[in-house]
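Heads up, the thing below is written out as structure tokens.
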Amino acid sequence: MKKTTLLLLLFTLCNQIVVAQKETTVISITNPANSPTINKNIYGHFAEHLGRSIYGGFFVGDTSKIPNTNGVRNDIVTALKALKIPNLRWPGGCFADTYHWKDGIGPKENRPTIVNQWWGGVTEDNSFGTHDFLNMCELLGAEPYLSGNIGSGTVQEMADWVQYTNFASKSPMSDLRKKNGRTEPWNVKFWGIGNEAWGCGGNMKADYYAGEYRKYTTFLPENITRIASGASSNDYDWTETLMKNIPGKMLGGIALHHYSVIDWNKKGDAVDFSEGLYFATMKEALKMEELVTKHSAIMDKYDSAKKIDLVVDEWGGWYDVEKGSNPGFLFQQNTMRDAVLAGATLNIFNNHAERVRMANLAQCVNVLQAVILTDKAKMILTPTYHVMQMYSVHQDAKLLPLTVNSPLYTFNEQTLPALSASASKDKNGLVHISIVNVDAQKENTIEIDLKVLGIKNVSGSILASKKLQDYNSFDNPTKIQPVVFKGYNIKKDKLTITLPAFSVIMLEAK
């Protein structure tokens with residue numbers, strides 16, 4: 001009797017497991033007339049004077065044998081243009097509040113050196129400065145986003161910088177610009193008023209920084225977008241203080257920084273990680289939903305018209321540096337974990353397009369969650385690059401709100417939503433649906449009603465690999481790249497999709 005009962009229990013359990021594995025999740029997508037546009041600037045990037053981001057990354061000098069345009073690598077320009085990079089933030093980061101822009105203009109042989117006290121204590125020669133960066137942005141077709149120095153700088157210094165880059169008529173700074181070889185202004189739109197003022201930007205308290213922000217912006221023109229140094233992760237008091245104490249007409253945006261770090265003292269290896277570390281990283285990444293929601297709610301109290309942007313100008317995965325590399329250079333590899341992290345985070349930004357209008361992945365080349373890695377003349381595109389390229393179809397498209405009653409990804413009795421998704425409709429009427437399966441173990445099945453959107457034809461691409469720890473190396477640069485996705489079928493206006501574990505999918509429908 002006991003044996004029979006045990007067999008029945010086992011049979012029932014097996015059936016439950018099979019049913020659970022075959023359970024289909026319905027994604028409901030709507031097309032409201034007043035839906036916001038997904039601002040292309042959500043897909044921005046970040047280039048700090050840090051490690052090999054600038055020197056040995058973007059910039060190799062005009063005497064290098066590596067093909068370049070005025071010292072900027074041509075292969076990086078080509079790759080980023082293919083990514084449709086909308087904006088690039090520079091020169092920091094922590095570096096910004098020790099950077100004095102006049103040290104980086106004029107004849108290169110006359111420029112003073114600077115010690116990078118934040119990142120490795122290295123000495124650099126200021127050979128890459130304002131002209132080099134802004135001209136590079138023109139090559140990329142990207143808007144520059146300059147971080148001004150309020151930590152060790154002055155109001156006059158920042159006001160002069162704005163005049164140098166933006167003023168067309170005669171003035172001391174525009175005359176200096178012309179003397180240095182640039183006749184027309186660059187018309188830089190985005191300006192950060194300091195960086196991480198609560199930390200490396202001056203260890204200020206929120207009310208003190210609010211006063212400094214008001215002082216600085218008083219002497220800056222109103223035709224630029226002035227972005228306040230915002231909160232670190234869940235410091236909601238910082239956002240509240242700024243919104244309460246800075247007049248709305250002075251605020252173009254408030255920044256937010258959040259890194260998917262499990263332990264700042266022991267971040268874990270970028271490649272040699274367990275499923276437990278993957279789960280913990282994704283738990284931190286998915287906190288972005290809560291952070292954006294709560295910071296937005298605070299902003300709504302003071303800005304119900306949503307005129308002020310939430311600018312997530314530093315985000316991404318941060319792990320221990322690669323063995324044998326300079327600890328201050330923050331060089332790390334990029335695996336399928338990073339692809340899943342990027343896809344899920346971008347879905348969150350897309351779905352909050354009514355307030356999140358700009359974001360910057362940290363960072364672009366050779367630092368943290370980079371989209372490009374270089375080794376002398378070699379260059380590789382990371383899994384994160386491919387996700388950003390797949391998602392570029394959402395830029396400036398109309399958000400299609402959706403609901404997902406996600407199954408759970410369970411690890412050691414902890415759970416996370418297994419699925420992340422966002423959707424948009426572009427100016428040509430094409431619908432794009434991006435879906436991420438966060439689950440490291442199981443495939444998941446999704447069903448979408450096509451009749452609601454008037455869709456009949458579907459195609460897609462997928463980024464996946466055999467192991468979470470897989471990455472593109474200089475010896476095998478194309479190990480992970482998007483391929484045609486065929487894991488779906490259409491029957492009676494129902495689209496059924498099967499997503500492999502830890503995969504990122506982009507569907508195009510019309």
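- Within the model, atoms CG of L361 and CG of L368 stand 9.0 Å from one another, a figure rounded to the nearest 0.5 Å.
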Q: Please report the C-alpha distance between E290 and K294 in whole Å, then the side-chain angles of each, then the deciding distance to 0.1 Å, and finally whether the salt bridge (Lys or Arg N to Asp or Glu O under 4.0 Å) criterion is met.
A: CA-CA 6 Å; E290 176 184 332; K294 290 186 175 181; 3.3 Å; yes
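- Side chains of T496 and T445 form a contact here, defined as non-hydrogen atoms less than 4.5 Å apart.
- N334 and T384 share a side-chain donor-acceptor pair at under 3.5 Å.
- Residues V387 and L463 share a closest heavy-atom pair of CG2-CD2, 3.6 Å.
- Scanning all heavy atoms of the two residues, the minimum distance from P407 to N444 falls at CG-OD1, 3.3 Å.
- Other residues, nucleotides and ligands contribute more than 12 heavy atoms inside 6.0 Å of the NZ atom of K306.
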Q: Given side chain to side chain contact (heavy atoms under 4.5 Å, CB included), test D132 with F58 step by step and report yes or no.
A: CA-CA 10 Å; D132 306 279; F58 282 102; over 6 Å; no
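- Heavy-atom contacts from other residues, nucleotides or ligands closer than 6.0 Å to OH of Y43 number more than 12.
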Q: Apply side chain to side chain contact (heavy atoms under 4.5 Å, CB included) to the pair M358 and I227, showing each step before the final yes or no.
A: CA-CA 11 Å; M358 191 172 186; I227 299 169; 4.2 Å; yes
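- Just one residue in the list F349, F46, Y259 forms a ring pair (Phe, Tyr, Trp, His ring centres under 6.0 Å) with W315, and that residue is F349.
- Among residues two or more places apart in sequence or in another chain, the salt bridge (charged side-chain N to carboxylate O under 4.0 Å, His left out) test is passed with R73 by D75.
- S147 places no side-chain N or O within 3.5 Å of a backbone atom of G192 that could act as its donor or acceptor partner.
- For D313, the salt bridge (charged side-chain N to carboxylate O under 4.0 Å, His left out) partners at least two apart in sequence or on another chain are R89.
- With K378 contributing its side chain and D475 its backbone, the two residues share no donor-acceptor pair below 3.5 Å.
- Across T165 and L146, no two heavy atoms sit closer than the pair CG2-CD1, 4.5 Å.
- Side chains of N360 and N87: a donor on one and an acceptor on the other come within 3.5 Å.
- For the atom pair CD1 of I505 and CG of L499, the computed distance is 3.5 Å after rounding to the nearest 0.5 Å.
- With no hydrogens or angles considered, no side-chain donor-acceptor pair links S260 and T281 at under 3.5 Å.
- The two residues C364 and A370 have their closest heavy-atom pair at O-CB, 3.6 Å.
- Aromatic ring centres of W118 and Y99: separated by at least 6.0 Å.
- L402 is linked by a side chain to side chain contact (heavy atoms under 4.5 Å, CB included) to I27, I29, V404, A421, A423, counting only residues two or more places apart in sequence or in another chain.
- At a cut-off of 3.5 Å, with distance as the only test, a side-chain donor of T374 or N366 sits close to an acceptor on the other residue.
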Q.
Determine whether M506 and H394 satisfy the following criterion, side chain to side chain contact (heavy atoms under 4.5 Å, CB included), listing intermediate values before the conclusion.
A. CA-CA 10 Å; M506 177 63 70; H394 288 307; 3.6 Å; yes
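- Here the straight-line distance linking atom CG of N265 with atom NZ of K267 works out to 7.5 Å at 0.5 Å rounding.
- In this structure a side-chain-to-backbone donor-acceptor pair under 3.5 Å is missing from D235 to S232.
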Q. Can N74 and T69 be said to form a side-chain hydrogen bond (donor to acceptor under 3.5 Å, both in side chains), step by step?
A. CA-CA 6 Å; N74 291 343; T69 301; 2.8 Å; yes
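- For the atom pair CG of N39 and CZ of R357, the computed distance is 8.0 Å after rounding to the nearest 0.5 Å.
- Residues V367 and S53 come closest through the heavy atom pair CG2-CB, 3.7 Å.
- Two residues are said to be in side-chain contact when any heavy atoms from C-beta on lie closer than 4.5 Å; V371 and L381 fail this criterion.
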Q. Under the side-chain hydrogen bond (donor to acceptor under 3.5 Å, both in side chains) criterion, do S420 and N347 qualify, and how do the steps go?
A. CA-CA 7 Å; S420 165; N347 283 337; 2.9 Å; yes
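- A search for side chain to side chain contact (heavy atoms under 4.5 Å, CB included) contacts involving E138 returns N135, R182, W186, not counting sequence neighbours.
- Not one N or O on the side chain of S392 forms a donor-acceptor pair closer than 3.5 Å with the backbone of L83.
- Counting only distance, with no hydrogens or angles, the side chain of D309 and the backbone of V311 share no donor-acceptor pair below 3.5 Å.
- Summarising the geometry, atom CE belonging to M299 is positioned 5.5 Å from atom CD1 belonging to I308; distances are rounded to the nearest 0.5 Å.
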Q) After noting the C-alpha distance and the side-chain angles of N437 and D439, does the key distance pass the side-chain hydrogen bond (donor to acceptor under 3.5 Å, both in side chains) rule? A) CA-CA 6 Å; N437 186 6; D439 200 312; over 6 Å; no
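- Using a 4.5 Å heavy-atom threshold, the side chains of F190 and T225 count as touching.
- A salt bridge links K323 and D269; the closest N-O separation between the charged side-chain nitrogens and carboxylate oxygens is under 4.0 Å.
- L242 has its side chain out of reach of Y213: every pair of non-hydrogen atoms, C-beta onward, lies at least 4.5 Å apart.
- Between F485 and I497, the closest side-chain pair of non-hydrogen atoms falls below 4.5 Å.
- Under the 4.5 Å side-chain criterion, counting only non-hydrogen atoms from C-beta, P144 is not in contact with W90.
- The nearest pair of heavy atoms linking F474 to L373 is CE2-O, 3.7 Å.
- Considering CG of L310 and NE2 of H295, their distance stands at 7.5 Å, rounded to 0.5 Å.
- Between L419 and Y409, every side-chain heavy-atom pair lies at or beyond the 4.5 Å cut-off.
- The closest side-chain heavy-atom distance from L346 to M388 is below 4.5 Å.
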**Q.** side-chain hydrogen bond (donor to acceptor under 3.5 Å, both in side chains) assessment of S233 paired with H258
**A.** CA-CA 5 Å; S233 295; H258 178 65; 2.8 Å; yes
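- Within a 6.0 Å sphere centred on CG of N428, heavy atoms belonging to other residues, nucleotides or ligands number more than 12.
- Side chains of T24 and E447: a donor-acceptor N/O pair is absent below 3.5 angstrom, by distance only.
- Scored by the salt bridge (charged side-chain N to carboxylate O under 4.0 Å, His left out) test, R355 finds D300, D303 as partners (sequence neighbours excluded).
- With sequence neighbours excluded, the residues forming a ring-ring contact (aromatic ring centres under 6.0 Å, His included) with F411 are F279, listed by chain and number.
- For Y319 and D338, the side-chain atoms include at least one donor-acceptor pair closer than 3.5 Å.
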Q.
Please evaluate residues F133 and F128 with respect to the criterion side chain to side chain contact (heavy atoms under 4.5 Å, CB included), reporting the C-alpha separation (whole Å), side-chain torsions for both, the decisive distance (0.1 Å), and the verdict.
A. CA-CA 7 Å; F133 175 72; F128 187 90; 3.7 Å; yes
